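Before any comments, here is the structure.
Position 1 is the first residue of the sequence; numbering continues from there. Computed from a prediction, not measured in an experiment: that's the story for all the values here.
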Amino acid sequence: MGINNSQIADQPQATVGSTDDNAKVEVKPRHPESRLQSDWLFLYEKLPSNQWYSSDYAYKTSGWLNVHTNIRKRQRILRQLSEEYLMGALNWENYRSQILQRIGIHVLKLHQHHSVEDHGFFPDFVSSYPQLKAGFEILEKDHVKLNALLDELQGLNDELAKANIEDKALADRLHQNLITGTDFLSQHLTDEEDLVIPILGLRWG
């Protein structure tokens, strides 16, 4: 039976350092542009992504993963609406009415999510695994950049709320923010999952 690409993507990536049968396999993060170092993935090695939704772990991991699924979905919908307007599939009124409220909700929820992580979960995880401190510092710096993009997005949304006359230049600026945000968010969420989900899954309780 063949293996499809999604199955391959769910497997931990590994390279062998030598041809020696006893050589240690190096586990790599899932995102090709990840900033995570392989030696931070000792928990991911024990609990790779193809097991995160298994019956043994889903009750501990699915909450966090579902939050990330919703974040990705909201970001994807915003980008799709923006693309549809720029391609002429949506008129100004429909574009504006559909995207305004969605952006407000998305920005609020992501700011809340980052705050809970920075001030609650991440310090707790580092306390349990001090060797992962540098990895969580990367995630916290990501939040600074993401929060700046979100603040810019909210500012553009505020302009859009006042723009009763069609403004394609404003829509273009908003679209560029969504492109940058989507790409960076994808990298960040994947890196975060590679560190956090194994911690959650391997904890007792």
Side-chain angles (χ1 to χ4, degrees), residues 3-14 27-80 102-103 105-129 131-147 149-150 153 178 180-205:
I3 299 176
N4 60 39
N5 290 334
S6 63
Q7 289 173 311
I8 294 172
D10 281 341
Q11 303 298 322
Q13 301 176 43
V27 178
K28 291 187 176 181
R30 290 175 297 149
H31 197 284
E33 297 179 6
S34 172
R35 287 76 38 85
L36 302 183
Q37 297 179 16
S38 59
D39 59 354
W40 300 344
L41 300 176
F42 55 93
L43 294 175
Y44 179 78
E45 187 174 10
K46 295 178 181 178
L47 185 58
S49 56
N50 61 346
Q51 297 181 39
W52 290 351
Y53 278 111
S54 70
S55 58
D56 290 333
Y57 303 107
Y59 71 100
K60 292 185 283 187
T61 62
S62 60
W64 199 291
L65 289 169
N66 288 344
V67 168
H68 280 195
T69 295
N70 288 331
I71 291 171
R72 290 182 174 103
K73 180 180 178 181
R74 291 196 305 268
Q75 185 76 19
R76 183 175 66 253
I77 290 172
L78 289 175
R79 184 165 170 173
Q80 287 174 345
R102 291 179 185 275
I103 287 176
I105 292 172
H106 186 53
V107 169
L108 176 63
K109 285 183 175 292
L110 260 179
H111 274 318
Q112 290 175 337
H113 181 63
H114 294 163
S115 179
V116 169
E117 290 178 335
D118 288 340
H119 299 105
F121 286 109
F122 288 179
D124 180 47
F125 295 153
V126 171
S127 177
S128 298
Y129 297 97
Q131 61 271 54
L132 296 179
K133 181 179 179 181
F136 281 104
E137 286 175 348
I138 288 174
L139 298 181
E140 289 172 354
K141 289 177 182 177
D142 284 356
H143 286 172
V144 174
K145 181 176 178 178
L146 285 167
N147 287 341
L149 284 169
L150 290 170
L153 181 61
L178 290 172
T180 301
T182 299
D183 293 343
F184 190 64
L185 193 61
S186 173
Q187 180 187 41
H188 170 75
L189 293 177
T190 305
D191 282 351
E192 183 178 304
E193 288 164 1
D194 286 354
L195 286 183
V196 168
I197 301 304
I199 292 176
L200 297 176
L202 295 170
R203 278 185 165 185
W204 293 104

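- Taking both residues in full, the closest heavy atoms of Ala58 and Tyr53 are given as CB-O, 3.7 Å, listed atom of the first, atom of the second, then distance.
- Nearest heavy-atom pair, Leu41 versus Val27, reported as atom, atom and distance to 0.1 Å: CD1-O, 3.7 Å.
- With sequence neighbours excluded, no residue forms a side chain to side chain donor-acceptor pair (under 3.5 Å) with Ser54.
- Legend: residues meeting side chain to side chain donor-acceptor pair (under 3.5 Å) with His113, ordered by chain and number and at least two apart, are Glu117.
- Between Asn66 atom CG and Thr61 atom OG1 the span is 8.5 Å, to the nearest 0.5 Å.
- Looking only at distances, no side-chain donor or acceptor of Lys46 sits under 3.5 Å from a matching main-chain atom of Pro198.
- Side-chain contact check for Lys133 versus Glu137: some heavy-atom pair is nearer than 4.5 Å.
- The side chain to side chain donor-acceptor pair (under 3.5 Å) check on Ser38 picks up Glu26, with sequence neighbours excluded.
- Residues His188 and Leu139 share a closest heavy-atom pair of CE1-O, 3.6 Å.
- Between the side chains of His114 and Asn147, at least one donor N or O lies within less than 3.5 Å of an accepting N or O.
- Taking the side chain as every heavy atom from C-beta outward, Leu149 and Thr180 approach each other to under 4.5 Å.
- Judged purely by atom type and a 3.5 angstrom limit, Gln187 uses its side chain to pair as donor or acceptor with the backbone of Glu33.
- Scanning all heavy atoms of the two residues, the minimum distance from Gln51 to Tyr57 falls at O-CD1, 3.6 Å.
- In this structure, Asp124 contributes its side chain and Gly120 its backbone to no donor-acceptor pair below 3.5 Å.
- Here CG of Leu189 is found 4.5 Å from CZ of Arg72. Values are rounded to the nearest 0.5 Å.
- With rounding to the nearest 0.5 angstrom, the NE2 atom of His68 is 8.5 Å from the CG atom of Leu185.
- Arg203 is listed as a side-chain neighbour of Phe125, based on a closest heavy-atom distance under 4.5 Å.
- A distance-only check finds no donor-acceptor pair linking the side chain of Ser115 to the backbone of His111 [under 3.5 Å].
- With sequence neighbours excluded, the residues forming a side chain to side chain donor-acceptor pair (under 3.5 Å) with Asp118 are His143, listed by chain and number.
- Counting only heavy atoms from C-beta outward, the side chains of Leu43 and Tyr129 approach each other to under 4.5 Å.
- The distance from the CD1 atom of Ile71 to the NZ atom of Lys73 is 13.5 Å, given to the nearest 0.5 Å.
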**Request:** Would you check, one step at a time, whether the test side chain to side chain contact (heavy atoms under 4.5 Å, CB included) holds for Leu110 with Leu146?
**Result:** CA-CA 9 Å; Leu110 260 179; Leu146 285 167; over 6 Å; no

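- Listed for the Ser127 side chain is no donor-acceptor partner under 3.5 Å among the backbone atoms of Pro123.
- A side-chain donor-acceptor contact under 3.5 Å links Trp52 to the backbone of Leu47.
- Contact between Pro29 and Leu36 at its shortest, heavy atoms only, is CG-O, 3.8 Å.
- Contact check for Leu132 versus Val126: no side-chain heavy atoms found under the 4.5 Å cut-off.
- Applying the side chain to side chain contact (heavy atoms under 4.5 Å, CB included) rule to Ile138 yields the partners Arg35, Trp40, Asp142; only residues at least two apart in sequence or on another chain are considered.
- In this structure, Glu193 and Ser49 have side chains that are not in contact, with every pair of non-hydrogen atoms separated by 4.5 Å or more.
- With hydrogens and angles disregarded, a donor-acceptor distance shorter than 3.5 Å links the side chain of Asp194 to the backbone of Arg30.
- Within the 4.5 Å cutoff, side-chain heavy atoms of Lys109 are placed close to those of Arg74.
- Between Trp64 and Phe121, the two ring planes are perpendicular [angle over 60°; tilted spans 30° to 60°].
- Under the side chain to side chain contact (heavy atoms under 4.5 Å, CB included) criterion, Thr182 pairs with Gln75, Arg79, sequence neighbours left out.
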